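Treat the numbers as computed from the prediction; the structure is a model and nothing was measured. All residue numbers refer to positions in the sequence shown, counting from 1.
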Amino acid sequence: MANDLKDAWKETGRGLGHAFRDLGKTLVKTGTKAVKKADEWANRDDNEETASETEDQ
């Protein structure tokens with residue numbers, strides 16, 4: 001009985017470890033995508049300003 005309980009906790013720990021690992025990967029991927037979108041947004045503003053300056057000349 002004690003071994004069953006110990007094994008159950010081991011399996012629970014393993015499951016939680018995998019869940020947190022997967023959560024971490026998802027957060028990193030989400031952060032990466034957010035940074036790329038922010039960079040595109042920032043560069044879009046720069047490109048629009050450059051295009052406006054070129055048209056004005």
Check side-chain contact (heavy atoms from CB on, under 4.5 Å) between L27 and all other residues, then give those that pass, not counting sequence neighbours. L23

Ignoring hydrogens and angles, tell me if any N or O in the side chain of D39 forms a donor-acceptor pair with the backbone of V35 under 3.5 Å.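 A pair under 3.5 Å: no.
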
Any side chain to side chain donor-acceptor pair (under 3.5 Å) involving residues 11-25? Give me the pairs, sequence neighbours left out, ordered by first then second residue.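 Every pair satisfying side chain to side chain donor-acceptor pair (under 3.5 Å) with a residue in residues 11-25: E11-R14.
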
Any chance the side chains of N3 and D7 put a donor and an acceptor closer than 3.5 Å?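 No - no donor-acceptor pair under 3.5 Å links their side chains.
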
